Amino acid sequence: MPTVILTGLPVPGSALADELRSLGFEVRPAATPSDTAAALALVPADQRVAVVDGEFVGHVHALRLALTDPRFDACAVTGALAVQPGARAALDRAAALDASAPVGDGPYPDRLAAAVEAAGTPVHRPELGTLVAAVPATTAERRAAAAAVAAVDDEAVRLRTAVKSRDGFFTTFFVSPYSRYIARWCARRGLTPNQVTTASLITALIAAGCAATGDRWGYVAAGVLLLVSFVLDCTDGQLARYSLQYSTMGAWLDATFDRAKEYSFYAGLALGAARNGDDVWALALGAMILMTCRHVVDFAFNEANHDATANTSPTAALSDKLDSVGWTVWVRRMIILPIGERWAMIAVLIAFTTPRIVFYALLVGCAFGALYTTAGRVLRSLTRKARRTDRAAQALADLADSGPVAELTGRAVGRMAPGAGIAAAVIGSVALLWAAWAYEFGARQVIVAAVFYAVLAGAAVARPLKGALDWLVPPVFRAAEYTTVLILAAKADVPGALPAAFGLVAAVAYHHYDTVYRIRGGTGAPPHWLVRTIGGHEGRILLITVLASVLASRAVDFPVALTALAVFVALVVLVESIRFWVSSGAPAVHDEGEPA
């Protein structure tokens, strides 16, 4: 059980100790700084420990934000400081120093927080808004603080902040107004965000099964269940924020289940269409490729500019001006077809039309959204004056997913092609896609193009990716790999080729999403042995083109080869991913970014 050391003399009538116990803490009193240092020594080093001023006045949720958030080693508000094992040594040193001589003015926990931060440990200070957290010095100040606490509804603030501050139009106005209450209902019954996330996945899989029936009732049920799944998907994050139940497992589930649900539903639609004699697997795979590449554009751009110095882009300035006009914010969020709008569109269309029409709408809508966001980011990159950091360049190199073939070719041609970056990636990708499209299935010219692609892929990442447009290298590689698989499977023109290609792209896409969320969590990319084992993007392209050539005379075996490769990639990636995300070393994060 975590421990709170309540410092100073107790205040008559104060409910502070009971409030701390309601948050799950064992409360130990300590009258003086020396007593606090002694009490800290009795708390095991592997437990969360907090120091709270006995005269603290404030909302319970302010204490909850400071004392229970698992994402930060040290967290503080006025009069309260909590640390996890990673910051425990810094707290012990600060308490020992303050016990001998006060290290500043103000409440004792604030002095400790300042000392911990001065020692090099970041201390997170949550934004409280209208919540109160104070340590009054006089009776009059205490009365004023108590009145301020009474004037603000703690629970209303907690419910409001459970909702993501930036979300899509559909989610904000058609889901969040009631899903937050579902989140509170879940919290009061002891349900966890992970359980709600799992329920959302199961609901989406049932929806996919209904769509796979190919019957109208199945399509209607699929649409309804898809919306229910999305409500639960919103609820799990709101529950995590409401109760501060962030976890390593939750980070993994939240990061991957959205894609698993959506792509499973695509597969269900394709199966349902096939029952009615309509083959839409190529459209389903195309929609998955388009969505994945769009996300990689988002991820790569954000990582490239995460800590870049300066931002003088006129495009960014124009965007900031448009943000001041409320309706333009919602329009710009809606036209990119984020997950809420996308799932609502799918649900309505599948209830009244056919899978083919759903995929046409997805492809058109997502293509427009991708062009809109990519064009804006290209303009920002070309017009801004910024210097990309080594960390950003490394993140882009990790997102590129280069394997052993690119490493070897990069060493060979790297000195001859300084700063090749995006130019080499585009030239190699265009040559590969043109050859796959122009020549018949199994043609050796496609293998030659794949070798050329691998050479240029190595040249593209041979030097740090610090060019203005080098953040486009990972999405260009994703588009080249996924689309080549689609073209070859379509040209094989045998039963099962496109479904097998769908499975292979899904397995590889999971690996790429997993890489993104590890980088976001600050733990770096997956181990390099994993990338080498599954070949890297250029290795997989070489293997697939060779398989197509070898099996050209018996193309019926090509789906088997794609399926075997998909199973191999999925097993290797999933086993390592699960090991990482359930380990104690994985980051306790929750996605608060833009709507996917």
Side-chain angles (χ1 to χ4, degrees), residues 170 200-233 256-295 337-370 482-483 485-487 489-490 494-510 513 559 562-563 566 570 596:
F170 180 79
S200 176
L201 174 66
I202 293 172
T203 304
L205 293 178
I206 295 173
C210 291
T213 63
D215 297 325
R216 178 53 53 191
W217 73 263
Y219 290 155
V220 173
V224 173
L225 289 173
L226 189 65
L227 290 177
V228 172
S229 175
F230 181 67
V231 171
L232 292 174
D233 182 59
T256 57
F257 275 17
D258 278 352
R259 303 288 79 79
K261 288 180 285 189
E262 188 165 7
Y263 299 156
S264 295
F265 195 80
Y266 290 177
L269 291 177
L271 289 170
R275 285 179 176 270
N276 294 314
D278 189 12
D279 188 354
V280 296
W281 276 106
L283 296 177
L285 181 50
M288 180 167 68
I289 291 171
L290 184 56
M291 284 305 309
T292 304
C293 291
R294 193 183 97 174
H295 287 144
L337 211 62
I339 188 170
E341 279 76 355
R342 194 165 66 249
W343 283 26
M345 181 187 75
I346 293 172
V348 172
L349 287 178
I350 194 55
F352 296 101
T353 64
T354 65
R356 180 172 290 273
I357 293 176
V358 171
F359 285 124
Y360 282 154
L362 273 174
L363 288 168
V364 172
C366 292
F368 178 82
Y482 300 163
T483 308
V485 174
L486 168 59
I487 293 173
V494 293
L498 283 167
F502 187 96
L504 174 59
V505 172
V508 176
Y510 175 85
Y513 279 110
L562 290 181
T563 302

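For reference, positions follow the sequence shown, starting with 1. Computed from a predicted model, the values in this text were never measured in an experiment.
Partners of E262 by salt bridge (Lys or Arg N to Asp or Glu O under 4.0 Å), not counting sequence neighbours, listed by chain and number: R259, R342.
Considering all non-hydrogen atoms of both residues, L290 and A370 come closest at CD1-CB, 4.5 Å. A pairwise comparison of heavy atoms in G340 and F170 identifies O-CD2, 3.5 Å as the closest pair. Listed here is the closest heavy atom pair of A347 and G223: CB-O, 3.3 Å. The shortest heavy-atom contact between S200 and K261 is OG-NZ, 2.7 Å. Between T213 and G218, the closest heavy-atom pair is OG1-CA, 3.6 Å. The two residues A207 and A222 come nearest to each other via the heavy atoms O-CB, 3.3 Å.
Side-chain atoms of Y263 and T292 include a donor-acceptor pair closer than 3.5 Å.
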Could you please spell out the steps behind the side chain to side chain contact (heavy atoms under 4.5 Å, CB included) verdict for V508 and Y482? CA-CA 9 Å; V508 176; Y482 300 163; 3.9 Å; yes
Under the criterion side chain to side chain contact (heavy atoms under 4.5 Å, CB included), I'd like the reasoning laid out for D233 against D258: C-alpha separation, chi angles, the key distance, then a yes or no. CA-CA 8 Å; D233 182 59; D258 278 352; 2.7 Å; yes
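How far CD of E341 is from CE of M345: 10.5 Å, rounded to the nearest 0.5 Å. Considering CG of L486 and CG of L498, their distance stands at 6.5 Å, rounded to 0.5 Å. To the nearest 0.5 Å, atoms CZ (F265) and CG (L225) are separated by 9.0 Å. With rounding to the nearest 0.5 angstrom, the CG atom of L205 is 8.5 Å from the OG atom of S229. From I289, atom CD1 reaches atom OG1 of T483 across 4.5 Å, with rounding to the nearest 0.5 Å. I346 contributes atom CD1, which lies 8.0 Å from atom CG of L337 (distance to the nearest 0.5 angstrom).
The ring pair (Phe, Tyr, Trp, His ring centres under 6.0 Å) pairs that include a residue from residues 267-286 are W281-F502, where partners are two or more places apart or lie in different chains.
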Name the atoms and distances for all side-chain donor-acceptor pairs under 3.5 Å in residues 356-366, with sequence neighbours left out.
residue, atom, partner, partner atom, Å
R356, NE, D278, OD1, 3.2
R356, NE, D278, OD2, 3.0
R356, NH1, Y360, OH, 2.9
R356, NH2, D278, OD1, 2.6
R356, NH2, D279, O, 3.3

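Salt-bridge annotation for R275 and D215: absent, with no side-chain N of the basic residue lying under 4.0 Å from a carboxylate O of the acidic one.
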